[in-house]
Amino acid sequence: MSRIVIVHSSDEMYGADRILLQVVAGMRQVEPAPEVLVWLPDDITHGPTPLCHELAREGVAYEHVSLPIIRRANLRPAGLVSLARTSWGLRRRLRHEGVDLVYCMTSACLLAAPVARSLRVPTVALHVQEMWSGKEAALLRALARFTNLRITISPAVDRAARLANPASVVVDNCVPHPPEVAPAAAASGDGTGRPRYVVASRWNAWKGHRTLLDAWERAGCPGTLTVLGGPPPSGAKVDVPALAAALSDPSSVEIVGEVPDVAPYVAAADALVLPSDEPEPFGLVLLEAFRAGKPVIASRAGGPLDVIHDGDDGWLFTPGDAADLAGLLERLSVDDLGDAGRRARQTYLARYTPEVFRRRIAELIGAALAQ
């Protein structure tokens with residue numbers, strides 16, 4: 001029986017964590033079925049809905065391990081010492097396990113690649129889920145040379161990574177089919193004939209909450225906006241409640257915060273807004289909206305460019321341009337959003353179901369193990 005170790009950089013239930021569950025499901029379709037073990041980092045605090053709980057529910061073996069994860073804090077002198085120590089520890093563990101394939105689930109896991117190659121692990125895979133740029137991209141490309149199977153989550157990510165010899169393969173992200181959920185509130189307008197919108201992401205500075213709330217004010221607070229998510233554990237962030245409180249009509253914005261499942265809130269909305277100021281690698285919540293038959297208003301950069309058909313199943317605006325976004329919010333009606341939502345549902349069924357994703361992962365992993 002072949003053995004696969006998946007090295008992952010977090011233990012939450014955000015985009016990359018949910019895609020890991022789909023990757024495992026794809027690996028389980030390989031014949032003969034390999035043994036899959038997931039290694040999660042032990043240097044972070046669990047969120048309210050840890051990935052490990054989902055792995056346990058799915059019967060997937062996992063361990064919390066000291067892993068050499070590339071985090072900003074680890075790029076300082078003391079952190080580099082820690083990375084060297086954990087890399088050596090990872091080498092001992094891999095040698096003991098005797099694995100056939102090491103799967104780096106995010107770019108932050110790439111230090112595992114040279115460690116695995118030093119042990120002559122036959123296949124070292126990388127799943128690129130981030131937009132590479134600047135000096136960081138040079139470091140990641142150097143480490144990616146130790147991989148011989150590269151998967152990217154969107155054409156935009158593929159273009160930014162610029163991997164060759166071997167070239168990377170685009171496998172579009174997916175989300176599971178919609179569960180039977182009761183909407184968090186009545187859908188199709190806010191009771192006054194105006195649309196209901198939802199935004200669901202962490203409150204990182206680059207995620208565009210400031211741009212969205214500026215546009216909301218410029219458009220005259222044109223409906224109801226539900227805000228999910230919360231501040232990130234590290235990095236630049238915005239005080240979303242303070243921005244909402246400063247609006248001329250703060251009652252038009254409902255701050256919900258962190259939730260275990262965004263589906264009821266998406267079901268209750270007429271559309272989702274993905275207002276990122278910087279390019280999204282993909283934007284998994286975009287697919288969750290399409291799955292529920294809801295259109296998306298997103299910034300014209302990164303992953304959304306490859307998913308949204310502008311003016312058909314969603315709308316695009318200039319990143320960081322509050323006036324451009326405000327123009328959309330001013331003119332879109334509940335009927336406009338409903339028509340686009342029906343087309344968004346068809347886009348999901350054609351391209352972004354788990355069946356399509358898992359089949360592609362199974363093909364790639366099966367071919368690698370066969371070699």
Side-chain angles (χ1 to χ4, degrees), residues 2-10 14-30 34 36-39 51 60 69-70 99-114 116-117 121-133 136-137 139-176 279-284 286-287 302-303 305-307 351-371:
S2 299
R3 305 194 74 198
I4 299 174
V5 165
I6 300 177
V7 179
H8 191 42
S9 54
S10 67
Y14 283 89
D17 311 288
R18 286 180 285 157
I19 290 301
L20 182 149
L21 295 172
Q22 298 297 332
V23 166
V24 171
M27 290 177 174
R28 285 175 159 178
Q29 293 182 3
V30 174
V36 180
L37 176 62
V38 178
W39 286 353
L51 170 62
V60 180
I69 303 300
I70 304 172
V99 301
D100 301 287
L101 190 152
V102 170
Y103 199 99
C104 300
M105 193 63 219
T106 69
S107 303
C109 304
L110 258 174
L111 280 173
R117 294 299 282 179
V121 173
T123 302
V124 181
L126 166 64
H127 204 129
V128 185
Q129 306 198 54
E130 307 84 7
M131 297 290 284
W132 292 2
S133 63
E136 179 184 84
L139 169 63
L140 296 175
R141 287 191 193 100
L143 291 171
R145 292 185 185 130
F146 294 95
T147 65
N148 52 4
L149 173 60
R150 291 92 175 261
I151 297 169
T152 55
I153 64 171
S154 70
V157 167
D158 199 61
R159 290 189 294 268
R162 289 191 286 115
L163 295 171
N165 300 320
S168 49
V169 179
V170 177
V171 179
D172 287 319
N173 274 344
C174 72
V175 291
E280 283 277 357
F282 195 95
L284 205 59
L286 187 165
L287 296 190
L305 275 172
D306 300 307
V307 179
R351 297 177 57 189
Y352 302 111
T353 64
E355 291 80 8
V356 173
F357 180 89
R358 294 172 184 177
R359 181 171 61 249
R360 192 72 183 104
I361 291 294
E363 291 170 353
L364 293 169
I365 297 302
L369 293 175
Q371 293 174 1

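Contact check for Met105 versus Gln129: side-chain heavy atoms found under the 4.5 Å cut-off. Looking at Cys174 and Glu355, their side chains never come closer than 4.5 Å, going by heavy atoms from C-beta outward. The shortest distance between side-chain heavy atoms of Leu51 and Ser10 does not fall below 4.5 Å. You'll find the side chain of Leu286 stays beyond 4.5 Å of the side chain of Glu280, heavy atoms only. Contact of the Asn173 side chain with the Arg18 side chain is not registered, since no non-hydrogen atoms from C-beta on lie closer than 4.5 Å. Contact check for Gln371 versus Leu369: no side-chain heavy atoms found under the 4.5 Å cut-off. A heavy-atom distance below 4.5 Å is not found between the side chains of Ser168 and Ile151.
Closest heavy-atom contact between Thr106 and Ser9: OG1-OG, 2.9 Å. Of all the heavy atoms in Ser107 and Leu140, the pair that sits closest is O-CD2, 3.8 Å. The two residues Tyr352 and Val307 make their nearest non-hydrogen contact at OH-CG2, 3.5 Å. Shown here for Ala156 and Asp306, the closest heavy-atom pair between the two residues is N-OD2, 3.1 Å. Heavy-atom minimum distance, Asp172 versus Ser154: OD1-CA, 4.1 Å. Of all non-hydrogen atoms in Gln22 and Pro176, the two that sit nearest each other are NE2-CG, 3.4 Å.
Note: Phe357 CZ to Ile153 CD1 = 9.5 Å, rounded to the nearest 0.5 Å. Between the CG atom of Leu284 and the CD1 atom of Ile19 there is a distance of 5.0 Å, given to the nearest 0.5 Å. In this structure, Asn148 CG and Asn165 CG are separated by 12.5 Å, a value rounded to the nearest 0.5 Å. Atom CG of Asp100 and atom OG1 of Thr123 lie 8.0 Å apart (nearest 0.5 Å). Rounded to the nearest 0.5 Å, atoms CE (Met27) and OG (Ser2) are 11.5 Å apart. Between the CG atom of Leu287 and the CZ atom of Arg351 there is a distance of 9.0 Å, given to the nearest 0.5 Å.
His8 meets the ring pair (Phe, Tyr, Trp, His ring centres under 6.0 Å) test with no other residue; sequence neighbours excluded.
Just one of Val128, Leu139, Leu126 meets the side chain to side chain contact (heavy atoms under 4.5 Å, CB included) condition when paired with Leu110; it is Leu126. Residue Ile6 is tested with Val102, Val24, Leu37 for a side chain to side chain contact (heavy atoms under 4.5 Å, CB included); the sole match is Val24.
Of the possible polar contacts, none joining the Arg360 side chain to the Val170 backbone as a donor-acceptor pair under 3.5 Å is found. Of the possible donor and acceptor atoms, none in the side chain of Arg117 sits under 3.5 Å from a partner among the backbone N and O of Thr147.
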Inset, instruction - Start with the C-alpha gap between Val157 and Met131, add the side-chain angles, then the distance that decides, and say whether side-chain contact (heavy atoms from CB on, under 4.5 Å) holds. - result: CA-CA 5 Å; Val157 167; Met131 297 290 284; 3.7 Å; yes
Inset, instruction - Take Arg359 and Glu363 through the side-chain contact (heavy atoms from CB on, under 4.5 Å) test and state the conclusion after the steps. - result: CA-CA 6 Å; Arg359 181 171 61 249; Glu363 291 170 353; 3.8 Å; yes
